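Everything numeric in this text was worked out from a predicted model, so none of it was measured. Numbers here simply count residues along the sequence, with the first being 1.
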Amino acid sequence: MTKVLVVEHESNAGIGLVGERIRAAGAELEVVGPEAGRDIPLTADGYHGVVVLGGTPGPTDDVAADWLPRVRTLIADCLDNEVPFLGICLGAELLAVVADGVVGPVRNGAEVGLTELALTAAAENDPLLGGLTGQLKALQWHTLEVHELPPGVVSLCSSDRCPNQAFRVGTAAWGLQFHLEALSATAVEWAREDSEDLRSVGLTGAEVVARMREHEGSLRETWSTVADRWMSLVVSAAGSAPSATSRSRIADRARS
């Protein structure tokens, strides 16, 4: 069976819509992380795709979040072995850092709530984002951004406050600063408190939730398409991966 690993930093920042689409594709989903009570593996061995979700820490806040070095090692393994990877918000920032990009505070102020996105010309033929139509929107909730993309990498998507909303590293790793996994239920969870982030952009939690509910249908349709496209890559990778028996034979030949 196709198996996807999900790294969850915080229990209220779960896999959401992307998880629905992973399961709809018939894949097994395994959640690891500090609040899930399961250790984060250092490699993607045994998995056909890896998702790293968002969370409160920055990508190098190792003192506050001592599991982050393990996540960065896992991401490096995905890049080395071309395991399909999807990084969301913090996950995207971690991907950028691992691939030698630079992450820092959002230069135009925090980006919170439902915002509009614009694909760049480079996204035209992208396997995940290419061909998306209509006015794209997604939930944002971040105070950091990718200041410099990794060498040789270009932006696939931008917003008014953040030019690097999406990027691809190599052939199989994507970083998305926005929350494609989040629908209105997630917004309700995140907006329970009148946080400093909300105040900084002049919004209330009720306003964020109302806009998410208003656009729930289009958000589900658009980002289900992207998640399904990513899953098609994962399923393809699973089909081309050697079986346990084959791997054993390859190892035996290597030793002989």
Side-chain angles (χ1 to χ4, degrees), residues 4-10 13-19 33 40 44 49-61 65 67-79 83-108 110-112 115 117-120 122-123 126-129 132 136-159 161-182 186 190 222-223 226-227 229-230 233:
V4 176
L5 178 70
V6 177
V7 177
E8 180 187 87
H9 303 281
E10 295 158 4
I15 189 67
L17 177 63
V18 173
I40 298 163
V50 174
V51 181
V52 176
L53 298 170
T56 304
T60 57
D61 287 346
W67 64 90
L68 289 178
R70 297 186 68 87
V71 183
R72 294 196 298 270
T73 300
L74 171 64
I75 293 172
D77 182 74
C78 290
L79 293 178
V83 176
F85 176 86
L86 183 64
I88 300 172
C89 198
L90 172 56
E93 295 160 9
L94 283 159
L95 173 62
V97 167
V98 170
D100 295 328
V102 178
V103 173
V106 176
R107 289 162 288 196
N108 295 315
E111 195 170 34
V112 179
T115 65
L117 302 168
L119 297 180
T120 69
D126 183 72
L128 295 197
L129 301 177
L132 295 181
L136 301 180
K137 295 181 176 65
L139 181 65
Q140 309 266 7
W141 212 293
H142 64 106
T143 58
L144 299 176
E145 67 170 330
V146 180
H147 285 192
E148 296 179 19
L149 289 165
V153 171
V154 297
S155 175
L156 301 173
C157 182
S158 66
S159 67
R161 294 195 177 199
C162 180
N164 299 316
Q165 283 285 344
F167 57 95
R168 185 180 74 248
V169 179
T171 61
W174 280 264
L176 307 180
Q177 186 71 69
F178 57 88
H179 288 277
L180 80 162
E181 85 288 6
T186 299
W190 293 354
T222 297
W223 304 122
V226 171
R229 289 175 176 180
W230 185 76
L233 298 175

Within the structure provided, determine whether [X] and [Y] are in side-chain contact (heavy-atom separation under 4.5 Å).
X: His142; Y: Cys162; result: yes
X: Ile15; Y: Leu53; result: yes
X: Pro59; Y: Leu144; result: yes
X: Leu180; Y: Leu17; result: no
X: Val18; Y: Val6; result: no

Quiz item: Going by the salt bridge (charged side-chain N to carboxylate O under 4.0 Å, His left out) test, which pairs reach into residues 162-181, not counting sequence neighbours?
Solution: Asp126-Arg168
Quiz prompt | Test side chain to side chain contact (heavy atoms under 4.5 Å, CB included) applied to Ala182 - qualifying residues, sequence neighbours left out | solution = Leu139, His179, Thr186
Practice problem: Give the intermediate values and the outcome of side chain to side chain contact (heavy atoms under 4.5 Å, CB included) for residues His9 and Val52. | Solution: CA-CA 8 Å; His9 303 281; Val52 176; 3.5 Å; yes
So which atom in [X] and which in [Y] form the shortest heavy-atom distance, rounded to 0.1 Å?
X: Ala123; Y: Leu119; result: CB-CB, 4.1 Å
X: Ser158; Y: Pro163; result: CB-O, 3.4 Å
X: Leu68; Y: Pro57; result: CD1-CB, 4.2 Å

Self-check item: Stepwise side chain to side chain contact (heavy atoms under 4.5 Å, CB included) check, Thr120 with Val154
Solution: CA-CA 9 Å; Thr120 69; Val154 297; over 6 Å; no
Distance check, rounded to the nearest 0.5 Å: [X] atom [atom1] versus [Y] atom [atom2]?
X: Leu136; Y: Thr115; atom1: CG; atom2: OG1; result: 10.5 Å
X: Leu132; Y: Cys157; atom1: CG; atom2: SG; result: 9.0 Å
X: Trp174; Y: Trp230; atom1: CH2; atom2: CH2; result: 9.5 Å
X: Leu117; Y: Leu156; atom1: CG; atom2: CG; result: 12.0 Å

Results of side-chain hydrogen bond (donor to acceptor under 3.5 Å, both in side chains) for [X] - residues two or more places apart only:
X: Thr56; value: Glu10
X: Arg72; value: Asp62
X: Ser159; value: Glu111, Gln165

Practice problem: Just jot down the ring pair (Phe, Tyr, Trp, His ring centres under 6.0 Å) partners of Phe178, sequence neighbours excluded, or say none. | Solution: Trp223
Self-check item: Donor-acceptor contact present, side-chain Asp77 to main-chain Ala44, <3.5 Å
Solution: yes
Could you go through residues 85-107 and list every donor-acceptor pair under 3.5 Å that involves a side-chain atom there, pairing it with any protein atom two or more places apart or in another chain?
| unit_1 | atom_1 | unit_2 | atom_2 | d |
| --- | --- | --- | --- | --- |
| Glu93 | OE2 | Gln177 | NE2 | 2.9 |
| Arg107 | NE | Glu145 | OE2 | 2.9 |

